[in-house]
Visitor: 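Dropping the structure in here first, questions after.
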Number of protein chains: 4
Amino acid sequence: MARTRSEDARQRILDAALRRARAEGYGKLTIDAIAAEAGVGKQTVYRWWRSRAEVVLEALRENARTIPWDEKGNLEADLRAFLRATFRYASGKESTAPVLRGLMAEAQLDPAFLPHFRVFIEERRQILRQLLLRYASKASEVTVDMIFGAMWYRMLVGHGKLDVRFADTLALLAARQVLCPDRSETLCSKR
Amino acid sequence: MARTRSEDARQRILDAALRRARAEGYGKLTIDAIAAEAGVGKQTVYRWWRSRAEVVLEALRENARTIPWDEKGNLEADLRAFLRATFRYASGKESTAPVLRGLMAEAQLDPAFLPHFRVFIEERRQILRQLLLRYASKASEVTVDMIFGAMWYRMLVGHGKLDVRFADTLALLAARQVLCPDRSETLCSKR
Amino acid sequence: MARTRSEDARQRILDAALRRARAEGYGKLTIDAIAAEAGVGKQTVYRWWRSRAEVVLEALRENARTIPWDEKGNLEADLRAFLRATFRYASGKESTAPVLRGLMAEAQLDPAFLPHFRVFIEERRQILRQLLLRYASKASEVTVDMIFGAMWYRMLVGHGKLDVRFADTLALLAARQVLCPDRSETLCSKR
Amino acid sequence: MARTRSEDARQRILDAALRRARAEGYGKLTIDAIAAEAGVGKQTVYRWWRSRAEVVLEALRENARTIPWDEKGNLEADLRAFLRATFRYASGKESTAPVLRGLMAEAQLDPAFLPHFRVFIEERRQILRQLLLRYASKASEVTVDMIFGAMWYRMLVGHGKLDVRFADTLALLAARQVLCPDRSETLCSKR
DNA sequence: AGCTAACCGAGACGGTACGTCCCGTCTTGCA
DNA sequence: TGCAAGACGGGACGTACCGTCTCGGTTAGCT
């Protein structure tokens, strides 16, 4: 019965949010600035999103092209391709990594945002989980944690780059972990 | 010639900061509140620290008892002990995890804080690195990333607990990864 | 062309406006609230009136029963009756005074409303003017100003009540002023 | 012990408030604009005043030069002089009248402001009351209401000017009313 | 033993962003 | 096809904290 939501305003808000988050850093992003840049009243932002984090998350989702990678026929190669593509997406010239870091930060500071962020994270986990399942009878959640954990850890702490070398090493170690005979470690003694 | 720094004020500030960070969440922590709770002027906080994050980091360092763990004689067991102890520290009744999450968040939003936090992180990495070096001729940085990465990832996203089961699985997989013969994965074909 | 509903909506709007103005005070009255309470779209309010003030003014006019008073045969008595009736209207249980105060306020803040309000005021002046003309060859506009001025002044500032005593004193003084020989004051010397 | 209130900021706020109230009309005055023009944070305004009305009232008090008038030796002449001076103050080139009208309006819309405004009004009443007491054994509060009431009524409704003619007529009628023998009106019959 | 400079608690300051309220206009879909 | 419903762009509100500054009072440690 009432006027319907303006898809135009929605797009302008999402665009403005992502543009400014990339330009000035997520930390400097403000709702005021998003609304101003989108040419929108602040209320129109608050009507549909609860916080800058939710706006940016939705913008990112909208924006995120599915990352494609070639299937190579063995676990390590596939992982390598997947991680290379993923890292390229994060570190590319559109620099998504800083935005992701901002969202992860917000998820820590704003309890209301964490569940939304968790859903986003789970979507990515699912992709990796299915990749692993092609080669292992059952994928360990912990393996997923280790792969994505390593990626996020580097991205957040910044002690190492998300480059091809890291992708390849990660792929190698993860594959070795998955495919290794279960008790091989018992053969090893302390040096 | 001049009056010297008040050690008493310093302690009260650190205590107040950690107490309130634990009580109300790091996100709700403000310098005003720290100063008020410590019975201290705001200037006294700003005279010695640059931000709430630095106060809390120092408080955490002061507070952190070194985590001891028994040495078991093989990599997996040692890792298991180390991780169990670490998780117990984070998730224990003093709930340090939320504070750590807050600091990680701040490191993303405040570029000036990131280097300080990175030092803190590096200290922990060094401990784990040396543990690994007891069993492997050279420890892969990526293995460290995967272990701590998995831990932080779970802590930050909250999709799984930092419990004994997780510690044990992580230890198992990490050990397997380290000790597995290098090319074992080539034996595996796609399912 | 379905104007059938219009008159109904008009009445509901006027009723809602006056009801809420009396209930919560004119200052808290909003167009949104009027429309909601009337079960009407905001546009329907704006179609017929320019502001909340015009709605309330019209509601008041609609509502205002002509104040009757007995004619007594001399100026003071007539004034007394007129003022008693007027004050009773303003201060009565329906408490019109607060609404009148609100309209006077709006007339100060909204230049577009002032002319409308002035017409309303002039209507009341005309009644008093004609009362005076029954006893004086020509009624002084200033006398009207003094009588209604005193009333409004008390109503607005609230330093005294609009009670019977005030009505009577006002009637006495006004009558004295009107009927007094013109130069009587020259006989008086400073005390 | 703490930093003391800045007299400089206080003056800048009062000046800015009065300047803008006069320039753009009291109705268009905003706290934001006052703070901006004064070069002050909004909080500094709110720390010392509750609303724009209180700021403007204080500014007016600070600014109001005592209105002097010559004493003439009889009531009518004195009143004439007093009212002429008062009207000149209100209607003069600094146009205080619009500001006074704004304050009167605010007193109607903001219950918290009314008491403050009443004090201001009472101060003016006291001056007039004492003028009357020079010529009458006891000054009627109602006479004061009628004189100031007439002035405010004209100022607010704007149906007539606050000019010399009005001042003189008001003085004449008020004097007549005060000095007239009490029962003179009984001599008059209805026309 | 007294000076004096730096520190102390307190909190006012100029400022930014918040999230809310309401304005007056515009748009939709139902009756 | 007129109207209720309510989304829209906009502007001001009053609040919360930021990081800096000023205040009077308190100590140390050098003369």
Side-chain angles (χ1 to χ4, degrees), chain A residues 1-10 12-13 28-36 38-52, chain B residues 1-10 12-13 28-36 38-52, chain C residues 1-6 8-9 12 28-36 38-47 49-52, chain D residues 1-10 12-13 28-36 38-52:
Chain A
M1 226 171 197
R3 182 176 179 175
T4 52
R5 177 172 185 181
S6 159
E7 176 55 24
D8 183 50
R10 180 174 165 278
R12 268 159 33 220
I13 290 167
K28 305 245 173 194
L29 189 65
T30 67
I31 299 266
D32 279 11
I34 294 172
V40 140
K42 275 202 291 178
Q43 195 57 252
T44 301
V45 180
Y46 283 110
R47 191 163 10 247
W48 304 109
W49 295 278
R50 269 210 267 269
S51 63
R52 61 174 185 176
Chain B
M1 205 189 273
R3 185 174 177 176
T4 52
R5 177 173 185 182
S6 157
E7 177 55 26
D8 182 49
R10 179 175 166 280
R12 272 175 8 231
I13 290 168
K28 306 244 174 198
L29 192 64
T30 68
I31 298 270
D32 281 22
I34 294 172
V40 141
K42 280 202 290 176
Q43 196 58 259
T44 303
V45 180
Y46 282 109
R47 196 174 291 117
W48 306 108
W49 297 276
R50 271 211 266 267
S51 63
R52 61 173 183 175
Chain C
M1 289 273 178
R3 297 291 288 261
T4 343
R5 197 84 193 254
S6 303
D8 182 50
R12 275 183 297 145
K28 305 246 174 193
L29 191 65
T30 68
I31 297 269
D32 281 21
I34 293 172
V40 140
K42 281 202 289 174
Q43 196 56 258
T44 304
V45 180
Y46 282 110
R47 204 181 338 268
W49 296 277
R50 270 210 266 267
S51 63
R52 61 174 184 175
Chain D
M1 225 170 192
R3 184 175 179 177
T4 52
R5 176 172 185 181
S6 160
E7 177 56 24
D8 183 50
R10 180 176 165 276
R12 266 157 37 218
I13 290 167
K28 307 246 174 193
L29 189 65
T30 66
I31 298 266
D32 278 10
I34 293 172
V40 141
K42 276 203 290 179
Q43 196 58 253
T44 301
V45 180
Y46 283 110
R47 193 175 294 117
W48 303 110
W49 294 279
R50 269 210 265 270
S51 63
R52 61 174 184 174

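Protein chains get the first letters and strands the later ones, always in sequence-line order, with residue 1 at the start of each. No hydrogens, no waters, no symmetry mates; every other heavy atom, side chains included, goes into these values.
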Visitor: Expressed in angstrom and rounded to an integer, what is the separation of D/Arg10 atom CZ from E/dG14 atom C1'?
Guide: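 Taking CZ of D/Arg10 and C1' of E/dG14, I get 19 Å after rounding.
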Visitor: Any sub-3.5 Å donor-acceptor pair from D/Arg12's side-chain atoms to D/Val40's backbone N or O?
Guide: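 Side chain of D/Arg12 to backbone of D/Val40: no pair is present.
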Visitor: Can you name the closest pair of heavy atoms from C/Arg52 and C/Ile34 and give their distance?
Guide: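 That would be CB-CD1, 4.5 Å.
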Visitor: Taking atom C1' of F/dG9 as reference, at what distance in whole Å does atom CD1 of A/Ile34 sit?
Guide: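 Atom-to-atom, A/Ile34 to F/dG9, this comes out as 16 Å.
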Visitor: Is any side-chain N or O of B/Trp48 closer than 4.0 Å to OP1 or OP2 of E/dC8?
Guide: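 True: B/Trp48 side-chain N/O within range (under 4.0 Å) of E/dC8 OP1/OP2.
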Visitor: To the nearest 0.5 Å, tell me how far B/Ile13 CD1 sits from B/Lys42 NZ.
Guide: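 B/Ile13 atom CD1 to B/Lys42 atom NZ measures 13.0 Å (nearest 0.5 Å).
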Visitor: Can you check side chain to side chain contact (heavy atoms under 4.5 Å, CB included) on A/Arg5 and A/Trp48, steps first, answer last?
Guide: CA-CA 9 Å; A/Arg5 177 172 185 181; A/Trp48 304 109; 3.4 Å; yes
Visitor: Side chain of D/Arg3, base of F/dC21: donor and acceptor closer than 3.5 Å?
Guide: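 Side chain to base: pair found, below 3.5 Å.
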Visitor: Please report the closest heavy-atom contact between B/Ile31 and B/Ser51, naming both atoms and the distance.
Guide: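 Closest pair (atom of B/Ile31, atom of B/Ser51, distance): CD1-C, 4.1 Å.
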Visitor: According to side chain to side chain contact (heavy atoms under 4.5 Å, CB included), who are the partners of D/Arg3, at least two apart in sequence or on a separate chain?
Guide: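 If we apply the side chain to side chain contact (heavy atoms under 4.5 Å, CB included) test to D/Arg3, skipping adjacent residues, there are no hits.
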Visitor: Of the nucleotides E/dC8, F/dC3, E/dA12, which has the atom closest to the D/Arg47 side chain?
Guide: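 Nearest to the side chain of D/Arg47 among the choices is E/dA12.
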Visitor: Specify the separation, in whole Å, of atom CD of D/Glu7 and atom P of F/dC23.
Guide: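 Distance, rounded to whole Å: 14 Å.
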Visitor: At a cut-off of 3.5 Å, list every protein nitrogen or oxygen paired with a nitrogen or oxygen from nucleotides 29-31 of chain E, distance to 0.1 Å.
Guide:
none

Visitor: Report, as a single string ordered 5' to 3', how protein heavy atoms within less than 4.0 Å touch nucleotides 10-16 of chain F: B base, S sugar-phosphate only, - not at all.
Guide: B-SBBBB
Visitor: Does A/Arg12 put a side-chain nitrogen or oxygen below 4.0 Å from OP1 or OP2 of F/dG9?
Guide: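 For F/dG9, OP1 or OP2 has a side-chain N or O of A/Arg12 closer than 4.0 Å.
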Visitor: Figure out the CH2/C1' separation between D/Trp49 and E/dA12, and round it to whole Å.
Guide: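 Nearest whole value for this atom pair: 13 Å.
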Visitor: Is it true that, when you exclude A/Arg47 itself, more than 12 heavy atoms of the residues, nucleotides or ligands shown sit nearer than 6.0 Å to its CZ?
Guide: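 Atom CZ in A/Arg47 is crowded, with more than 12 foreign heavy atoms closer than 6.0 Å.
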Visitor: With a 4.0 Å limit, can you tell me whether D/Ser6 has a side-chain N or O closer than that to the phosphate oxygens OP1/OP2 of E/dA12?
Guide: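 Answer no for this pair, as no side-chain N or O of D/Ser6 is under 4.0 Å from OP1 or OP2.
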